[in-house]
Novice: 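Pasting a structure below so you can have a look.
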Amino acid sequence: QIIEGAGVLDVRTTKTRGDVLPRVSSVTTACGESIKANSVVNCGGIWARQLGEKSDVVIPNQAAEHYYLITESFKEVDPSWPVVEDSSKCVYIRPEGGGLMLGLFETMGASWNETGIPDSFSFGEINADFDRMMPYLEEAMLRAPITLEVGAKHFFCGPESFTPDGSPSVGESADVKNYYVAAGLNSIGILTGGGIGKVLAEWIRDGCAPSDVDVTAIDASRFQNYQNNRQYRADRVGEALGNTYATHYPDKPVKTCRGARRSAIHERLVGRNAYFRDVSGWESPSWYCPE
Ligand SMILES: Cc1cc2nc3c(=O)[nH]c(=O)nc-3n(C[C@H](O)[C@H](O)[C@H](O)COP(=O)(O)OP(=O)(O)OC[C@H]3O[C@@H](n4cnc5c(N)ncnc54)[C@H](O)[C@@H]3O)c2cc1C
């Protein structure tokens with residue numbers, strides 16, 4: 001049964017003798033109902049972190065500003081044109097409503113509402129930061145010069161949630177048994193939603209991740225409590241969005257939120273000219289510079 005318009009206020013858990021972790025028992029809805037549940041899936045989009053926190057489940061997603069421009073219609077546009085991406089100009093371009101859509105993934109994004117997303121926000125638009133985005137927009141429009149001639153119909157800014165490492169948060173949480181997550185879709189949720197749904201359905205059915213899919217990079221249990229920190233989320237989300245069109249290579253180090261965790265011998269390693277990388281938040285020596 002699907003019940004629409006009934007917000008989930010809380011996911012209740014229970015822990016009996018012998019259980020290592022609490023397990024899901026029921027959900028409470030805004031209609032005042034308590035619904036018995038063996039498993040739940042938190043797919044609450046930009047609200048997923050807040051709902052997770054109520055059950056001590058770590059989902060460190062953070063909303064960021066995400067932009068696209070829609071041009072006026074013009075006759076040359078063919079709706080069958082494919083999506084074209086030019087990551088060097090931070091833009092993807094596709095037909096939309098008789099004109100073109102220019103979607104932007106700027107090199108450093110901006111966090112939106114890290115204190116919490118209002119329950120009442122839905123399909124909303126947020127104020128565009130024209131000063132910050134204009135250099136990106138100009139470059140993007142120069143990539144498809146006809147957009148400069150036909151003009152802009154709408155410059156849209158909406159929030160989308162990003163995870164600290166830019167991969168989605170999928171699967172059973174490390175904190176509560178049978179509490180599943182499908183959130184943090186990093187602005188490609190329409191593209192990836194079908195696959196994520198299939199993987200998660202099989203995960204719940206079998207009680208373990210599907211054997212034919214390597215879920216290491218998307219496993220919701222990889223996130224830890226220190227990443228739920230408000231400052232951490234605010235600082236990291238800009239880099240996570242910026243990485244969408246950045247050059248990726250193995251062991252690419254993160255730049256933001258460094259020093260979240262330091263070992264007792266950190267200063268000694270610094271004294272030996274260590275260069276560090278982030279390993280689960282720990283500053284870990286990557287290599288040493290000779291004297
Ligand atoms: C400007 C913009 C352009 C984009 N363009 C693309 C694109 O071209 N291609 C692409 O693949 N993706 C795109 N995306 C991203 C895509 O829209 C998202 O990744 C996707 O919608 C996320 O899906 P979701 O199910 O995680 O979250 P949502 O679609 O936000 O759904 C979450 C739902 O959970 C509900 N909810 C939250 N809390 C509760 C609660 N406590 N109880 C009950 N319900 C709750 C919300 O009301 C909402 O309906 C774009 C996003 C933006 C902002």
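Owing to the predicted nature of the structure, the values given are computational and were not obtained by experimental measurement. Each ligand, and each atom within it, is numbered from 1 in the order the structure gives.
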Novice: Does only the side chain of Tyr68 get under 4.0 Å from ligand 1, or the backbone, or both, or neither? Count heavy atoms.
Specialist: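 Tyr68 to ligand 1: side-chain contact only, backbone stays beyond 4.0 Å.
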Novice: Output yes when a protein non-hydrogen atom is found under 4.0 Å of atom 52 (C) of ligand 1, and no otherwise.
Specialist: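 Flag for atom 52 (C) of ligand 1 set to true, protein heavy atom closer than 4.0 Å.
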Novice: With under 30° as parallel and over 60° as perpendicular, where do the rings of Tyr92 and Tyr245 fit, or are they tilted in between?
Specialist: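 Plane angle over 60°, so perpendicular.
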Novice: Tell me whether Pro159 reaches ligand 1 (any heavy atom closer than 4.0 angstrom to a ligand atom).
Specialist: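 In this structure, Pro159 qualifies as a contact of ligand 1 - some heavy atom is under 4.0 Å.
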Novice: Tell me, with the steps shown, if Glu283 and Arg258 meet salt bridge (charged side-chain N to carboxylate O under 4.0 Å, His left out).
Specialist: CA-CA 7 Å; Glu283 289 299 314; Arg258 296 302 301 265; 2.7 Å; yes
Novice: For ligand 1, which atoms have a heavy atom of Gly158 less than 4.0 angstrom away?
Specialist: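 Those atoms are 53 (C).
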Novice: Output yes when Arg132 and Glu65 qualify as a salt bridge under the 4.0 Å nitrogen-oxygen rule, no when they do not.
Specialist: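 Yes, Arg132 and Glu65 are salt-bridged.
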Novice: Salt bridge or not between Arg143 and Glu139? Use side-chain N to carboxylate O under 4.0 Å.
Specialist: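 No.
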Novice: Specify the protein heavy atom at minimum distance from atom 48 (C) of ligand 1: its residue, its atom name, and the distance to 0.1 Å.
Specialist: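 Scanning the protein heavy atoms, the shortest distance from atom 48 (C) of ligand 1 goes to Trp47 CZ3, 4.1 Å.
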Novice: If you apply the rule salt bridge (charged side-chain N to carboxylate O under 4.0 Å, His left out), what do you find for Glu239 with Lys255, and how did you get there?
Specialist: CA-CA 8 Å; Glu239 183 176 9; Lys255 295 196 181 86; 5.4 Å; no
Novice: What atoms of ligand 1 come within less than 4.0 Å of a heavy atom belonging to Phe156?
Specialist: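 Listed by number with element: 1 (C).
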Novice: Who are the side-chain contact (heavy atoms from CB on, under 4.5 Å) partners of Glu125, not counting sequence neighbours?
Specialist: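 With neighbours one apart ignored, the set is His154, Phe156.
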Novice: Does atom 12 (N) of ligand 1 have any protein heavy atom closer than 4.0 Å?
Specialist: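 There is a protein heavy atom less than 4.0 Å from atom 12 (N) of ligand 1.
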Novice: Within a distance of under 4.0 Å, is there any protein heavy atom near atom 39 (C) of ligand 1?
Specialist: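 Looking at atom 39 (C) of ligand 1, one finds that no protein heavy atom lies closer than 4.0 Å.
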Novice: Can the ring centroids of Phe121 and Trp112 be said to lie less than 6.0 angstrom from one another?
Specialist: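 Here the rings of Trp112 and Phe121 have centres that are less than 6.0 Å from each other.
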Novice: Are any non-hydrogen protein atoms located under 4.0 Å from atom 43 (C) of ligand 1?
Specialist: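 When distances to the protein are checked, atom 43 (C) of ligand 1 has a heavy atom within 4.0 Å.
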Novice: Measure the distance from atom 27 (O) of ligand 1 to every protein heavy atom, then report the residue, atom name and distance (to 0.1 Å) of the closest one.
Specialist: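 Ranking protein heavy atoms by distance from atom 27 (O) of ligand 1, first comes Gly45 CA, 3.4 Å.
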Novice: Can you pull out the closest protein heavy atom to atom 50 (C) of ligand 1? Residue, atom name and distance to 0.1 Å, please.
Specialist: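 Atom 50 (C) of ligand 1 sits closest to the protein heavy atom Ser187 OG, 3.7 Å.
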Novice: Show your working on salt bridge (charged side-chain N to carboxylate O under 4.0 Å, His left out) between Arg12 and Asp10 and close with a plain yes or no.
Specialist: CA-CA 6 Å; Arg12 294 275 168 83; Asp10 204 1; 3.6 Å; yes
Novice: Pull out every atom of ligand 1 sitting under 4.0 Å from any heavy atom of Val8, numbered as shown with elements.
Specialist: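 That gives atoms 40 (C), 41 (N), 42 (N), 43 (C) of ligand 1.
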Novice: Checking side-chain hydrogen bond (donor to acceptor under 3.5 Å, both in side chains) for the pair Tyr136/Thr107: CA distance, chi angles, key distance, verdict?
Specialist: CA-CA 9 Å; Tyr136 296 101; Thr107 51; 2.7 Å; yes
Novice: Using 30° and 60° as the class limits, which term best fits the ring planes of Phe155 and Phe130: parallel, tilted or perpendicular?
Specialist: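 Rings of Phe155 and Phe130: tilted, 30 to 60°.
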Novice: Any Lys/Arg nitrogen of Arg236 or Asp165 sitting under 4.0 Å from an Asp/Glu carboxylate oxygen of the other?
Specialist: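 No salt bridge links Arg236 with Asp165.
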Novice: Please identify which atoms of ligand 1 are closer than 4.0 Å to at least one heavy atom of Gly7.
Specialist: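 Close to Gly7: 42 (N), 43 (C).
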Novice: Should one rank Glu160, Glu4, His66 by closest heavy-atom distance to atom 19 (O) of ligand 1, which comes out on top?
Specialist: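 It is Glu160 whose heavy atom sits nearest to atom 19 (O) of ligand 1.
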Novice: Under the side chain to side chain donor-acceptor pair (under 3.5 Å) test against Gln62, which residue among Gln227, Glu160, Arg233 passes?
Specialist: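 Per the side chain to side chain donor-acceptor pair (under 3.5 Å) rule, the option paired with Gln62 is Arg233, out of Gln227, Glu160, Arg233.
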Novice: How far is atom 22 (C) of ligand 1 from the closest protein heavy atom, and which atom is that?
Specialist: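 Sorting protein heavy atoms by distance from atom 22 (C) of ligand 1 puts Leu185 CD1, 4.0 Å first.
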Novice: What protein heavy atom lies closest to atom 8 (O) of ligand 1? Include the residue and the distance to one decimal.
Specialist: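 Among all protein heavy atoms, the one nearest atom 8 (O) of ligand 1 is Tyr92 OH, 4.0 Å.
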Novice: Of the choices Gly189, Gly197, Ser122, which has the non-hydrogen atom that lies closest to atom 20 (C) of ligand 1?
Specialist: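 Nearest option to atom 20 (C) of ligand 1, by heavy atoms: Gly189.
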Novice: For ligand 1, which atoms have a heavy atom of Ile188 less than 4.0 angstrom away?
Specialist: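 Heavy-atom distances to Ile188 below 4.0 Å select 10 (C), 11 (O), 12 (N).
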Novice: Is atom 34 (O) of ligand 1 in close reach of the protein, with a heavy atom under 4.0 Å away?
Specialist: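 It does: a protein heavy atom is found less than 4.0 Å away from atom 34 (O) of ligand 1.
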Novice: With respect to Val181, which candidate in Asn61, Ile59, Val41, Val40 satisfies the side-chain contact (heavy atoms from CB on, under 4.5 Å) definition?
Specialist: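 Answer after filtering Asn61, Ile59, Val41, Val40: Ile59.
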Novice: Looking at atom 45 (C) of ligand 1, what's its closest protein heavy atom, distance included?
Specialist: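 In this structure, atom 45 (C) of ligand 1 has Gly44 CA, 4.8 Å as its nearest protein heavy atom.
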Novice: May I ask you to identify the nearest protein heavy atom to atom 32 (C) of ligand 1, giving residue, atom name and distance to one decimal place in Å?
Specialist: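 It is Cys43 O, 3.5 Å.
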